[in-house]
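In what follows, chains carry the letters A, B, and so on, assigned in the order in which the sequence lines appear, proteins first and then strands, with residues in each chain numbered from 1.
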Amino acid sequence: MDFKLEHTASGSKARAGLITTDHGKIETPIFMPVGTAGSVKGVHVKELKDDIKAQIILGNTYHLYLRPGMDVMEAAGGLHKFNSWDKPILTDSGGFQVFSLGDIRKLTEEGVRFQSHIDGSYHMFSPENSMNIQRSIGADIIMAFDECTPGDADYDYAKKSLELTGRWLERCFNQLEITTPKYGHQQSLFPIVQGCVYPDLRTLAAQQVQQYNADGYAIGGLAVGEEIEVMYSMIEVVNAILPINKPRYLMGVGTPVNLLEAIDRGVDMFDCVMPTRNGRNGMLFTKKGIMNMRNKKWESDFTPVDPDGTSYVDHQYSRAYLRHLVISKEMLGAQIATIHNLAFYLWLVGEARQQIKNDSFKPWKEQMVKQLSTRL
RNA sequence: GGGAAGAUACCGAAGCGGUCAAACGGGGCAGACUGUAAAUCUGUUGGCUCAGCCUUCGUAGGUUCGAAUCCUGCUCUUCCCA
């Protein structure tokens, strides 16, 4: 994997870059649609490519390991073949599930023992088998197995958690060294910077991950309960230390405003369930603000879903029709909303990239931030 | 024509003398959702000059300190027998 830093915006730390993987190029800043179980929920590959213009999507180690399992995954020839997405893929390591599965898992030095949310069966994740599983899935970018520290963790816990993540990181790299890619293309491991809301821990973490000279670095453990301003300041702390010539991936973030604020602070890559999940739940993100399609106000609004939208669903269907579908729980409603939201997110980061290259990012961002949170 | 059961808030449906403006479900209205245990979850849903008051449990009366709950007439619905 290669990263070329193309341009840094004036008056901002925002960057435009180009990642090259064996499955193609990724223009940064980029948003990566989340496809947890091997599919971006409700969206065909054709729509993902032609309409949403996704350049890279996510998969999840935990979910794919449980189902369909690695036997099927390897027999399929890896996730690219299995889900027929031939562009870049990134897999999360299962680290987030260590956090989100909360009450049905047990954390030890070795790894995490957890119960399947599907059938309650017991399993163990460790840095080693997370790497092995991610080898079997075959994503272009794979993530370190970490503990995603809760946002409200006290200093002592956050410090111990960070140290554990550090020891796990070494084991991840060791495991990668003694294994090889299974499908003939390169896989890059991104370490994850933890440290919770404590600047000195974040600083330490950002310094320590660099010993591995990775192809890119991730900032994890944010947007997990802490104040949003705290998240921004942690990004600033970490990005001041991470190397400028490597992509920086802010995990799990966020709202359109979060994306622009993070881009402004030098983040290159994002993923978040928000456009897909909120879309399924009837919420649309647009350039002018947020629309809850369940609201009565759209009942007889026969104008296009989003006149400014870049996807065909924005112009093909009316707001009144979309509201009807959402209210009626028709699956098409969720699909339209998901396609719209993802297309909007991809437009947003694509436009940010253009504004960065034109040295007009800062004023554009200030203007956008004002309107993006408006409730329409 | 005879008999039986029943009529409860937007709908369905509990309640069967006071703690009932009335359980629960649906629908309606609104909110939440940030490396997906989520096409999920939460709140609210008679009115008002709102710690109180007013109107409401088919309808008209009655019993009672007190009725959605008991009694009588009426109207309507469903089922059974002719």
Would you say [X] reaches [N]'s phosphate, i.e. side-chain N/O to OP1/OP2 under 4.0 Å?
| X | N | answer |
| --- | --- | --- |
| A:N60 | B:rU36 | yes |
| A:N278 | B:rU40 | no |
| A:R280 | B:rU40 | no |
| A:R294 | B:rC33 | no |
| A:Q97 | B:rA37 | yes |
| A:N292 | B:rA30 | no |

Nearest-nucleotide wise, let me know which of A:V40 and A:G282 is further upstream toward the 5' end of RNA chain B. A:G282

Please tell me which of A:T149 and A:K329 maps to the more 5' nucleotide of RNA chain B, matching each residue to the nucleotide holding its nearest heavy atom. A:T149

For [X] and [Y], indicate whether the former's side chain and the latter's backbone hold a donor-acceptor pair under 3.5 Å.
| X | Y | value |
| --- | --- | --- |
| A:N341 | A:M283 | yes |
| A:R202 | A:V193 | yes |
| A:S318 | A:P304 | no |
| A:S136 | A:N132 | yes |

Figure out the [atom1]/[atom2] separation between [X] and [N], and round it to whole Å.
| X | N | atom1 | atom2 | value |
| --- | --- | --- | --- | --- |
| A:Y232 | B:rU34 | OH | C1' | 11 Å |
| A:M274 | B:rA32 | CE | P | 10 Å |
| A:M251 | B:rG35 | CE | P | 10 Å |
| A:R323 | B:rA30 | CZ | C1' | 11 Å |
| A:L58 | B:rU36 | CG | P | 7 Å |
| A:M293 | B:rC29 | CE | P | 13 Å |
| A:N341 | B:rU36 | CG | C1' | 15 Å |
| A:I235 | B:rU34 | CD1 | P | 16 Å |

If the [atom1] atom of [N] is compared with that of [M], how far apart are they to the nearest Å?
| N | M | atom1 | answer |
| --- | --- | --- | --- |
| B:rG25 | B:rA13 | C1' | 8 Å |
| B:rG12 | B:rU78 | P | 14 Å |
| B:rU49 | B:rG43 | P | 27 Å |
| B:rC74 | B:rC79 | P | 23 Å |
| B:rU55 | B:rG2 | P | 40 Å |
| B:rC20 | B:rG46 | C1' | 14 Å |
| B:rC57 | B:rA9 | C1' | 8 Å |
| B:rG15 | B:rA23 | P | 14 Å |

If we ignore angles and hydrogens, is there a donor and acceptor under 3.5 Å between the side chains of [X] and [Y]?
| X | Y | answer |
| --- | --- | --- |
| A:T165 | A:D146 | no |
| A:H23 | A:D140 | yes |
| A:D306 | A:T286 | no |

Complementary nucleotide for [N] - Watson-Crick or wobble, under 3.5 Å:
| N | answer |
| --- | --- |
| B:rA4 | B:rU78 |
| B:rU34 | none |
| B:rC70 | B:rG62 |

What does [X] touch in the nucleic acid at a heavy-atom separation under 4.0 angstrom: a base, only the sugar-phosphate, or nothing?
| X | answer |
| --- | --- |
| A:R67 | nothing |
| A:G95 | nothing |
| A:T276 | base |
| A:I192 | base |
| A:I327 | sugar-phosphate |
| A:D92 | base |

Any donor-acceptor pair, under 3.5 Å, between the side chain of A:S100 and the base of B:rU36, if you only look at N and O atoms? no

Regarding B:rG35, can its base be found pairing with the side chain of A:Q194 as donor and acceptor, where the two atoms are less than 3.5 Å apart? yes

For the pair A:R15 and A:E6, find out whether any cationic side-chain nitrogen is under 4.0 Å from an anionic carboxylate oxygen. no

Can you figure out which of B:rG31, B:rG35, B:rA32 approaches the side chain of A:N295 most closely? B:rG31

Measure from the side-chain heavy atoms of A:K296 and tell me the nearest of B:rG31, B:rA30, B:rA39. B:rA30

